[in-house]
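Heads up: the structure comes next, in structure tokens.
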Amino acid sequence: MGRKIIYLVIGIVLIIIGIIMIAISLINRQVNVQIPINSTSPSYLLLSNWRNLSIYISTGYPIPKPALNGESSKPPSILQILYGKYGLLGINITITNLGSARAAYLELNNTVIIDGGDNGVVSILIPPNYTSIAIMGRSNTTLTIRIFIPATYGYQVINNTYIAITSPLRASLYSNNGIVVEDVDGWAVLNVQGNNTYVVLNLGSDNAIPLNELMKINDYEVGNWLGQAIKPRLSGALLTEYYLSLLLIMDSQNPVTGEFAASPEPIYLHTWVRDSAFAAMALQSAGYYEPAMRYWLWMCSAQNTSGTWYTRYDFWTGGAPDESFGIPEYDSIGLFQIGIWQFYEYTRNKTFLMEVLPCINKSLIWESGGAINGNGLIPQDLSIWESNYAYNFWTQAIDDLGLYASAKYTGSSD
């Protein structure tokens with residue numbers, strides 16, 4: 001009888017060991033899952049050099065439920081250009097004769113592709129850390145690229161393929177085809193036509209970097225940036241999606257202020273502090289600390305004197321708050337506290353921690369100075385979809401996690 005029990009125990013132990021070994025092998029095995037090709041494509045995308053230049057692109061792909069999403073479908077175009085201290089430039093670019101966009105997407109070299117089907121393809125790129133915007137068209141029909149420059153801008157025609165902008169900023173525009181200039185309703189319109197053509201708008205300089213050189217620079221800069229990412233245990237399509245997600249997040253960050261657009265498609269040109277907090281957490285979790293830091297510093301600067309935040313801020317104009325929308329929402333308080341602590345755990349950057357600590361303290365003073373009531377909850381709010389004014393579980397849970405994170409700061413700022 002005793003021998004049977006021993007054998008039984010040995011058998012159970014061996015089964016447990018086998019289960020553990022199978023579990024370990026599954027955990028360590030790379031996941032290789034094929035993702036179905038998405039049948040829809042972005043109608044709008046942001047593209048950025050991640051430093052001081054960002055553009056807002058309409059791909060021409062139809063917007064689903066435009067009335068609901070607050071946008072109307074537009075032909076392929078660059079609708080807005082944000083550039084450093086100059087802000088929104090007022091320059092826009094349209095592409096005609098491409099036909100209906102069959103697909104539009106972001107490639108792994110951070111290039112926006114607009115596929116016009118049988119008519120051809122347009123590519124748009126901005127090399128990271130450079131201030132050149134390149135638009136390239138390959139088509140069976142004659143494409144027309146039209147650059148609209150406000151009449152108040154000064155420019156000089158150097159030759160039929162090169163134009164220098166002289167005021168209010170230095171810039172240049174060049175093409176492989178002839179540039180025809182015309183005045184239309186207060187605009188200087190620069191027209192370029194061809195089947196295989198390109199236009200490069202170079203901001204801040206008169207230097208004309210050759211297109212093939214720009215493409216090499218772009219591939220190198222993007223590849224180098226993606227190479228810095230913390231690589232998860234993924235392969236194949238999932239790994240590609242991981243890298244594309246990082247690029248989409250970076251392109252959706254205002255390179256001047258550090259805010260993030262709430263959505264790349266349909267584009268929401270507002271910064272929701274909640275959505276942006278998760279974008280910053282995603283970047284710092286992937287090893288990209290500088291862009292995440294920029295967002296936390298912006299959020300600190302945008303904090304109300306009470307220690308709270310508005311729900312959303314304008315994406316382009318320096319983060320002006322929308323004082324009429326979704327008030328109050330208090331989940332941003334806990335998310336700020338969580339995000340800052342997570343950043344510090346990754347970097348051990350005490351200089352940064354000391355810089356944002358006054359903002360952490362301001363939020364804690366709001367919580368401890370009367371916001372937390374007798375039932376242990378912070379006040380009712382409209383989180384998470386600005387529709388339900390109540391003691392929402394989401395807000396309360398995030399606030400508790402934020403308090404837990406804040407309790408860890410005490411031993412970290414000495």
Side-chain angles (χ1 to χ4, degrees), residues 35 37-38 41-42 44-57 59 76 78 80-84 93 103-115 121-138 198-205 207-232 234-256 258-261 263-265 267 279-280 282-295:
I35 298 177
I37 296 174
N38 198 339
S41 301
Y44 293 88
L45 282 171
L46 288 166
L47 198 60
S48 174
N49 74 345
W50 309 337
R51 184 167 59 89
N52 62 356
L53 174 63
S54 183
I55 64 175
Y56 173 30
I57 302 170
T59 65
I78 296 176
Q80 291 173 319
I81 300 174
L82 176 78
Y83 177 54
I93 302 170
Y105 50 90
L106 186 71
E107 286 196 320
L108 269 181
N109 66 351
N110 208 40
T111 299
V112 172
I113 305 297
I114 304 173
D115 184 353
V121 174
V122 168
S123 306
I124 304 173
L125 64 86
I126 302 178
N129 303 312
Y130 285 73
T131 54
S132 297
I133 304 167
I135 305 107
M136 298 162 285
R138 301 187 307 277
Y198 69 82
V199 171
V200 176
L201 176 61
N202 187 46
L203 300 170
S205 172
N207 295 329
I209 303 174
L211 179 64
N212 60 345
E213 187 65 23
L214 276 178
M215 296 172 70
K216 290 178 182 177
I217 290 170
N218 181 75
D219 289 349
Y220 172 80
E221 293 286 343
V222 174
N224 182 61
W225 187 82
L226 288 175
Q228 299 171 29
I230 295 173
K231 186 176 179 180
L234 299 172
S235 64
L238 284 179
L239 185 60
T240 297
E241 291 297 319
Y242 169 71
Y243 288 134
L244 283 173
S245 296
L246 291 174
L247 291 174
L248 277 171
I249 293 173
M250 276 298 290
D251 286 337
S252 295
Q253 184 174 39
N254 184 311
V256 178
E259 309 161 71
F260 294 90
S263 168
E265 188 261 330
I267 198 74
L283 286 175
Q284 64 195 29
S285 296
Y288 295 110
Y289 306 122
E290 191 276 334
M293 181 192 294
R294 271 192 287 162
Y295 174 70

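Throughout, residue positions are numbered sequentially from 1 according to the sequence presented.
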Review point. Can you list the steps and then say if Asn109 with Met215 is a side chain to side chain contact (heavy atoms under 4.5 Å, CB included)?
Key: CA-CA 10 Å; Asn109 66 351; Met215 296 172 70; over 6 Å; no

Review point. Taking it one step at a time, do Leu108 and Thr240 satisfy side chain to side chain contact (heavy atoms under 4.5 Å, CB included)?
Key: CA-CA 8 Å; Leu108 269 181; Thr240 297; 4.0 Å; yes

Revision key, fill the gap. The reported gap from OH in Tyr242 to CG in Leu226 (rounded to nearest 0.5 angstrom) is 9.5 Å

Practice item. Using a 4.5 Å cut-off on heavy atoms from C-beta on, say whether the side chain of Lys231 contacts that of Leu239. Key: yes

Review point. Testing Asn49, Asn218, Asp251, Asp219 for side chain to side chain donor-acceptor pair (under 3.5 Å) with Asn110, which one passes?
Key: Asp251

Revision key, fill the gap. Interatomic distance, OG@Ser54 vs CD@Gln80, rounded to 0.5 Å, equals 9.5 Å

Check your understanding: Which pair of heavy atoms, one from Arg294 and one from Pro255, lies closest together, and at what distance?
Key -> NH1-O, 2.7 Å

Study note, to complete from the structure: One should read off an interatomic distance between Tyr130 OH and Ile217 CD1, to the nearest 0.5 angstrom, of 4.0 Å

Check your understanding: For Ser132 and Pro127, which heavy atoms make the closest approach, and how far apart are they?
Key -> O-CD, 3.4 Å

Exercise for review: Mind running side chain to side chain contact (heavy atoms under 4.5 Å, CB included) on Ile55 and Ile124 for me, showing each step along the way?
Suggested key: CA-CA 10 Å; Ile55 64 175; Ile124 304 173; 4.0 Å; yes

Check your understanding: Checking Gln253 side chain against Gly258 main chain: does a donor-acceptor pair fall under 3.5 Å?
Key -> yes

Revision key, fill the gap. Value for CG (Leu203) from OG1 (Thr131), rounded to nearest 0.5 Å, stands at 5.5 Å

Point to revise | Geometric class of the Trp225/Trp50 ring pair [parallel <30°, tilted 30-60°, perpendicular >60°] | key: tilted

Exercise for review: Take Leu244 and Tyr105, measure what side chain to side chain contact (heavy atoms under 4.5 Å, CB included) needs, and give me the verdict at the end.
Suggested key: CA-CA 10 Å; Leu244 283 173; Tyr105 50 90; over 6 Å; no

Review point. Would you say Phe260 and Leu283 make side-chain contact, with heavy atoms under 4.5 Å?
Key: yes

Review point. Say you draw a straight line from CG of Leu47 to CD1 of Ile57; how long is it, rounded to the nearest 0.5 Å?
Key: 4.5 Å

Review point. At what distance, to the nearest 0.5 angstrom, does CD1 of Ile81 lie from CD1 of Ile133?
Key: 4.0 Å

Practice item. State, to 0.1 Å, how close Thr111 and Ser123 come at their nearest heavy-atom pair, and which atoms those are. Key: CG2-CB, 3.9 Å

Practice item. State, to 0.1 Å, how close Leu248 and Ser252 come at their nearest heavy-atom pair, and which atoms those are. Key: O-OG, 2.8 Å

Exercise for review: Flag the pair Tyr56 / Ile78 as yes when at least one side-chain heavy-atom distance between them is below 4.5 Å, and no otherwise.
Suggested key: no

Point to revise | Heavy-atom pair of closest approach, residues Glu221 and Asn129 | key: OE1-ND2, 3.2 Å

